[in-house]
Each structure stands twice: as structure tokens, then as C-alpha cells.
2 protein chains.
Amino acid sequence: MSGDGSEIAGVTADSLASLVRVQLDKFTPTERRVCHVLLSNYPFAGLETAAELAARAGVSAPTVLRFVARLGLSGYPEFQKRLREELEARLIAPAAKHRPADEATGAAAALDAFAAAVKGNVTRTMDDVAVSEFEAIATLLADPKRPIHCVGGRFTEPLALYLVRHLRIVRPDVTMLDAMTATWGDHVINMDKRDVLVAFDIRRYQTDVIQLAENAAARGASVVLFTDTWLSPIVRIARHVLSSQVGVPSNFDSTVAMLALIEALIARVTDDLWPTAKLRMEALEKLRGA
Amino acid sequence: MSGDGSEIAGVTADSLASLVRVQLDKFTPTERRVCHVLLSNYPFAGLETAAELAARAGVSAPTVLRFVARLGLSGYPEFQKRLREELEARLIAPAAKHRPADEATGAAAALDAFAAAVKGNVTRTMDDVAVSEFEAIATLLADPKRPIHCVGGRFTEPLALYLVRHLRIVRPDVTMLDAMTATWGDHVINMDKRDVLVAFDIRRYQTDVIQLAENAAARGASVVLFTDTWLSPIVRIARHVLSSQVGVPSNFDSTVAMLALIEALIARVTDDLWPTAKLRMEALEKLRGA
DNA sequence: CCGTTTCTGAAATGAATTTTAGAAGCGGCC
DNA sequence: GGCCGCTTCTAAAATTCATTTCAGAAACGG
């Protein structure tokens, strides 16, 4: 199945897409814009006229023509013919597709390995979620009467921020805490049983986040913990815990699976709050317009 | 989504194919030959030129033209445009299918669906990466002589921050810009050809991020863009682009695939810089201990 | 800083395609 | 059998499209 692709410009590839990807650095800057537009909704962008594709990419028609010429094709008609043939073949045999073209290069293999690891993490993480836990957390976050506070460590603070940015759209009373400054005491001092602290903590667990969580718990707040499978010490005081797989071929851990969990949670909460969330989003749209 | 097909010639149908089938007896005998050829390998037969379709059906070009006119279309170009749109919708649909809540058997099924969508996004995103582009970006980011600046929109700013937090560990001269405040001018004013701006921008594209990128590019900085498949306007001025799939069953887009890309990039850069990065990490460890 | 090379878009060209117009073929009906 | 309407093709017209040319602009190297 691998080598049966057509050969263009001395390079063997099984689709124009992969050919474009492999040779991306052979194109001039403007031609590259065409590449990206084509790849971003492949192959349909190429089925329009050359002028339309050019307009879509913000370049002139001759640039598009030079682009197809550099691919080794005789002209735009042949370019479209190949796209149609590929599409036809793909629709008949939808299963077959993987990166056979550049499998020789190590970088592509590394990317594939990384992708595989990430997908495995997502699978195991989502499969292992206790649905009742997930639902309980969603219910907490969807309760507008409960103030939400989010905090994260060095690498997970961005995830906390991501959650905050979304929650703030669908409900009020969502704050971001900064574990690394001394100011978080001001926030925690006001917490009580109604408050919810969402803490993110993965290796290496940060003492400042742990302390913050402990203090919040001591004041009666409900602590929700996102952590890795090694489990942050916060599990001991957390009311709800979601753990994620973090292993990838890298010197750092991966938070992709954790982000997937977060987004799933956001989706769930947004769904719960949809009647009011919809109004809020529309109001925000208007504000942006002004 | 079901009954909103377009109406042509007084008949409502969700595809030209079904429209043709229903109205088959309204056509003249020769036109019917065109119908059959079109339906026999729909819709590809219609994507060729009118003359080719005519030859395939053994009729003359005007017959094909009358055929499309009888369908209520303004001409052959519109006919092809509709076929392309149908095909596009059909190929996109299975990936980003919105599940009506009632069909889901429960929260667990919703989680599974979300996980499946996310994994699909990661797969398509990583498969579609131009390796040379990825490598070029990694090389840029791994050059300690090039100052790095990161900026993101409302939802992508956390991702930019995530990148910054990691890059700062393995190399110096990494700054986070805030597109939403007016202070970024101070940063941009100092940029030159050596600087690298990493911009994150997904729907809805933010004018402040776009402007910042444009100004940076005008000063000669290399712009690296992370965007969705709809492509932010920044593609026009970006030197390197990585696009990610974002569709999930949610009211918000997913940035999981984008995060996977970012992490892969971080892994690559860290690997490149490992001799110095290792020393930096050890030094940081000591600092934390003290 | 300047000459050289490469790249890019505007305009002009030429080809291809869609579209229109007119004539020939075909069948049915008086 | 001849007239009429419908259908279909041939041929020419008009339009759109792809392509080439060329000049200006930008990047590059010295």
C-alpha cells in the first residue's frame, strides 16, 4: 500500500496534500499562503477556479499558477483533475489513509508517536472517568449561587485560566487565583461552604497550590482537584478528583488529556446553563460590537 | 438539520441527486441519459466540464446545459458549485457531528462522544502537519539569539501562556504579550528581524491580536501562527502556520489538538536545546529548593 | 549602502468553456 | 402525405478562465 503513489518532481507521494506538506519549504512565501489555504480545507479549496483560490489566499492568480507549476503539474486543469481523482478514490475506500509519504523522515515518525501517545492518554483518561464524579463537578460548576475560584501550578495555571475564560462566559462569579503571589490570602479569607475551589496540580506538586487548597478546605470550601495519575497530595482534602494520563515521549508531561476533560466539563456546564448562557453570550456579542 | 434542504423547481430536496431521481420523468430522453451518467458516479461526473459530461453521456453540450437549467439552476457554474458544497458538507459532517441530547444514552455516552471527537481532531491535525513547517518553527524557537513573544486571544491566551511557561525553562528571552491591553505597543516597537512572534488565533478572530501581528510583521519580525482550519487573517502575513481541528460536540471549539501540537513542539525544542536546557532545569531546581 | 537576484501582481493574451442561435431530425396528428 | 411541435445537434458568439509577459518591489548578499 505504501509506494504506489504517483511521482511528481522527484518525490513520491500518494496525494497532492502530502506532496505539498513535504515540499512546503520549496515554495515562496506567497505560494505558501496558497498551500495553507488549500490544506486547511483540502481538497475543496482547489476545486474552485484559480482566481477564487487566489482570492481566498489573498494572492494573485499568477501566484496560484506558479504554485501548481512548482508541484510539477502541467497546469491548473491537471491540478483539479488530480484532486478530483483523489477525492473519488478516497470516497470509494474511505479507510486507507496514513502518512506513508514522509514516513522515512524521523521528525514525522516522532510526531506520529507523540500523537499516538496523546490519543492513548485521552482514551484512558476519558474511559477511567467516574461519571458520577464528573456529573457532581458539573453540577457544582453550574450552580450560579456558588462562587468559583480556580488555581493552578506552573504548568497548569494556563489550564485554570482556560477554564475561567469559558466559565465566565456562561455564568458569573468566577475568579482566577494566583498561587504564586502572596495575595491569595485575601481571596481565601472570604470563602465559606458555598465556595468552590478548582485546583490543578500535577508533578511536581507545588507547595503554594497545596497550601491554598488546604486553607480553602479548612474554611469549608468544596475543593475540586484535577491531577495526574500520581495524585497530588490535595486528594486528601479534595471533595472531587479527576485524574489524567500525562505520559508522552517528551521531557515534559502532557496536559492534553486534562484539557480534554476540562472541555468536556465546560460543554456539560454550558449545556446545563444554556438558557441563561445563551443570553449572556448574546449580550457579550453586543458589547464586543460596541 | 433534516428538512432544510434547498428548494428547486418547487421541490424540496437535500441533494441534487435526490432531486434528479425524483424528477427523472420530467426530463427528455437524452437529458435522462445525462441523469443516469451523473447518478452512476455522483457527484464526480458533474465536476468535470460540461463538454466532458456530455461526451460521457453521449450527448451534446447544450443538452447538458438544458439539463441543469431544468433543475432550476442558473448555469453550469452554479451546478458545480452546489455539487462541491454538497460534497464538502458530506465529508465534514461525520467528523463534527452534533449529537442531540436526547439520543445520548447518558453522560457516559456524551463523554465517549467527546473523547472520540477530540481524538479525531488530534489525528487529523497531526496527520496534516507539514513536517518542514513544524521543523522550521522548532528551529526558530530553539534559537536562543531570537527573542520570542507570544500572544493569544480570549481562549487561546492560556495556550500561549502554556507555551511561554515551558519555553522559559529551556531558553531565555521569552515574553508573553497581552493583546487586550494597550501596552503591547511598547513591546512591538522594539521588535526587528530577529524577533519571533507566536500568535494564537481561532474563531472568532480578534482584531487586537491581528493588529499586533501585523505591526510585528511590519517591523520585520517572523510571525508564527497557530489557528483553526478556518484560518485567521494572520495567515496573510505569517511566515509559518500550523492549523488545528477544533470541532467537538460543544458550544465552544476545542483547542485540544492545538495543545497537542504545542506540546509536540515543546518536546522538539527541548530536545534540540537539551545540553543547555538540562543545565537550566537543574539550576531552577536548586533555586526552588532555596 | 548598492547591485543582483528573486519574487509578486497588473495588464494583456490566448485558450477553453459556457452559452446562445439556428437548422435538421423525429414522431405524431389531422 | 404534409404540417407542427418537440427534441437534439452543429456552429458560432460571448464570456470566463488560465496563462504569459513585463515591470516594479522586495529580499539578499556583498
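Worth knowing before you read on, the calculation uses all heavy atoms, side chains too, and leaves out hydrogens, waters and symmetry mates. In the text below, chain A, chain B and the rest are named by the order of the sequence lines, each starting its count at 1.
Note: NZ (Lys26(B)) to P (dC6(D)) measures 17 Å, nearest angstrom. One atom, CD1 of Ile237(B), and another, P of dA26(D), lie 16 Å apart when rounded to the nearest Å. Rounded to whole Å, the distance from CZ on Arg66(A) to P on dA10(C) is 12 Å. Between Phe67(B) atom CZ and dT19(C) atom C1' the separation is 17 Å, expressed in whole Å. Atom C1' of nucleotide dT18(C) and atom CZ of Phe79(B) are separated by 14 Å, given to the nearest angstrom. Across the protein-nucleic acid pair, Glu78(A) atom CD and dA15(C) atom C1' stand 17 Å apart, rounded to whole Å. The separation between Asp192(B) atom CG and dA27(D) atom P is 14 Å, rounded to whole Å. Across the protein-nucleic acid pair, Lys81(A) atom NZ and dA16(C) atom P stand 15 Å apart, rounded to whole Å.
In this structure, Thr63(B) does not reach the dT7(D) phosphate: none of its side-chain N or O atoms is under 4.0 Å from OP1 or OP2.
The list of salt bridge (charged side-chain N to carboxylate O under 4.0 Å, His left out) pairs with a residue in residues 42-52 of chain B, not counting sequence neighbours, reads Glu48(B)-Arg56(B). Annotation: salt bridge (charged side-chain N to carboxylate O under 4.0 Å, His left out) contacts involving residues 23-32 of chain A, sequence neighbours excluded, comprise Glu31(A)-Arg70(A). Residue pairs meeting the ring-ring contact (aromatic ring centres under 6.0 Å, His included) criterion with at least one member in residues 174-218 of chain B, sequence neighbours excluded: Phe200(B)-Phe226(B).
Judged purely by distance below 3.5 Å, without hydrogens or angles, the side chains of Arg66(B) and Thr63(B) pair a donor atom with an acceptor atom.
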What protein N or O atoms touch nucleotides 16-19 of chain D N or O atoms at under 3.5 angstrom, if any, and at what distances?
from    : atom 1 : to       : atom 2 : distance (Å)
dA18(D) : OP1    : Ala50(A) : N      : 3.1
dA18(D) : OP2    : Ala50(A) : N      : 3.1
dT19(D) : OP1    : Tyr76(A) : N      : 3.2
dT19(D) : OP2    : Tyr76(A) : N      : 3.0

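Scanning for ring-ring contact (aromatic ring centres under 6.0 Å, His included) contacts around Phe155(B) gives His166(A), Phe252(B), with sequence neighbours left out.
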Name each donor-acceptor pair under 3.5 Å that joins a side chain in residues 265-277 of chain B to protein atoms two or more places apart or in another chain, with its distance.
from      : atom 1 : to        : atom 2 : distance (Å)
Arg268(B) : NE     : Glu135(B) : OE1    : 3.3
Arg268(B) : NE     : Glu135(B) : OE2    : 2.9
Arg268(B) : NH1    : Asp272(B) : OD1    : 2.6
Arg268(B) : NH1    : Asp272(B) : OD2    : 3.4
Arg268(B) : NH2    : Glu135(B) : OE1    : 2.4
Thr270(B) : OG1    : Ile266(B) : O      : 2.7
Thr276(B) : OG1    : Leu273(B) : O      : 3.0

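The residue Ser60(B) sits close to a base: some heavy atom pair falls under 4.0 Å.
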